[in-house]
**Q** 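Encoded as structure tokens, here's the structure I'll be asking about.
This one's a predicted model, so the numbers in the text were calculated from it and none came from an experiment.
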Amino acid sequence: MLTTRFVDGAPNWIDVGSPDIDGTASFYGALFGWRFVSAGPDAGGYGFFQLDGRTVAGGMRTGPEQGPPAWTVYFRSEDAQATAKAAEEAHGSVLFQPMDVMGEGRMAILADRAGVPFGIWQPGRTAGVDMAGEPGALCWVELYTPDIAAAAAFYRRVLGLETSGVPFPGGTYTCVQPDGAGEGAMFGGMVPLADDPSEAESGAYWLPYFEVADTDAVVERAQRLGGTVRMPATSVEGVGRMAKLADPYGVRFAVIRGEPAQG
């Protein structure tokens, strides 16, 4: 389960690039109750999405030269420079070289062997988001990839992640967690693109899931706000009720009302 007790290799930040950050803020504000707060005049338009005063994500305006509008998932690294070098050695690439962010930490944007972008955050004053695994906050991430084995090998070498197969309705689901952290530290999964034709059309990427109190209500609200439904609300035994959506700018994300842990 994703928490704010961040360990190396686990997601600790997420942000969205949008052609209209005001419109994006309006959408997610009405959908999740988020409030967009500027990071200040020196931040280049970057800001923070907050819920009840706690930061759940970041965001900024981006142009076509920076790629299509999208959520970027960042993973914790003790050394952004070393992680970037490891990505290159593992046949990935460095899209944005490691840089200091006003003393808050160091960040870089990398890409895996399939070209999927992801971020690295080396904590400084900011460890990561203030909320995770709660309604309105990031709770899970999922990699859609053409080659599970290649992706697993890449992320193990670069981020120290391990994978495990978990029985799932219709087959086996590949879970992801930091090496040696135990099942309780699972934060995501990997899904073959071939298993989901709708995803295969749009290519490999990391999909963020946000926890919600009522999946059906959020789906209905997203449609009213100009979003689209990519997968209708669906219940999965032992997991929860989930849906895949896109905001008015085509940015993909998912929502889930997770089932309480058994025990």
**Q** Does the ring center of Trp34 lie less than 6.0 Å from the ring center of Phe48?
**A** no
**Q** Identify, with sequence neighbours excluded, every residue that meets side chain to side chain contact (heavy atoms under 4.5 Å, CB included) alongside Glu78.
**A** Asp8, Arg76
**Q** Considering only heavy atoms from C-beta outward, does the side chain of Val236 approach that of Met242 to under 4.5 Å?
**A** yes
**Q** Has the side chain of Thr145 got a donor or acceptor atom that lies under 3.5 Å from a matching backbone atom of Leu143?
**A** no
**Q** If only side-chain N and O atoms count, and only distance matters, is there a donor-acceptor pair under 3.5 Å linking Gln50 with Thr55?
**A** yes
**Q** Is the backbone of Gly258 close enough, under 3.5 Å, to the side chain of Glu211 for a donor and an acceptor to pair up by distance?
**A** yes
**Q** Taking all heavy atoms of Leu138 and all of Pro208, pick out the closest pair and write down the distance.
**A** CD1-CB, 3.7 Å
**Q** Within this structure, what is the CZ-CZ distance for the pair Arg113 and Phe154, rounded to the nearest 0.5 Å?
**A** 9.0 Å
**Q** With a 4.5 Å heavy-atom cut-off, do Thr4 and Asp130 have their side chains touching?
**A** no
**Q** If you take all heavy atoms of Ala43 and Ala39, which pair is closest and at what distance?
**A** CB-CB, 3.5 Å
**Q** Is the ring centre of Tyr28 less than 6.0 Å from the ring centre of Phe253?
**A** yes
**Q** Answer yes or no: is there an ion pair linking Arg257 with Asp216, defined by an N-O contact shorter than 4.0 Å?
**A** no
**Q** With ring centroids as reference points, do Tyr74 and Phe118 lie under 6.0 angstrom apart?
**A** no
**Q** Could you tell me whether Glu142 and Lys244 have a side-chain N and a carboxylate O separated by less than 4.0 Å?
**A** no
**Q** Once the angle between the rings of Trp71 and Phe49 is folded into 0 to 90°, is it parallel (under 30°), tilted (30 to 60°) or perpendicular (over 60°)?
**A** tilted
**Q** To the nearest 0.5 Å, what is the distance between CD1 (Ile120) and OG1 (Thr72)?
**A** 12.0 Å
**Q** Indicate if Leu159 and Ile148 have the same hydrophobic cluster label, given that clusters are the connected sets of ILVMFWY residues with side-chain heavy-atom separations under 4.5 angstrom.
**A** yes
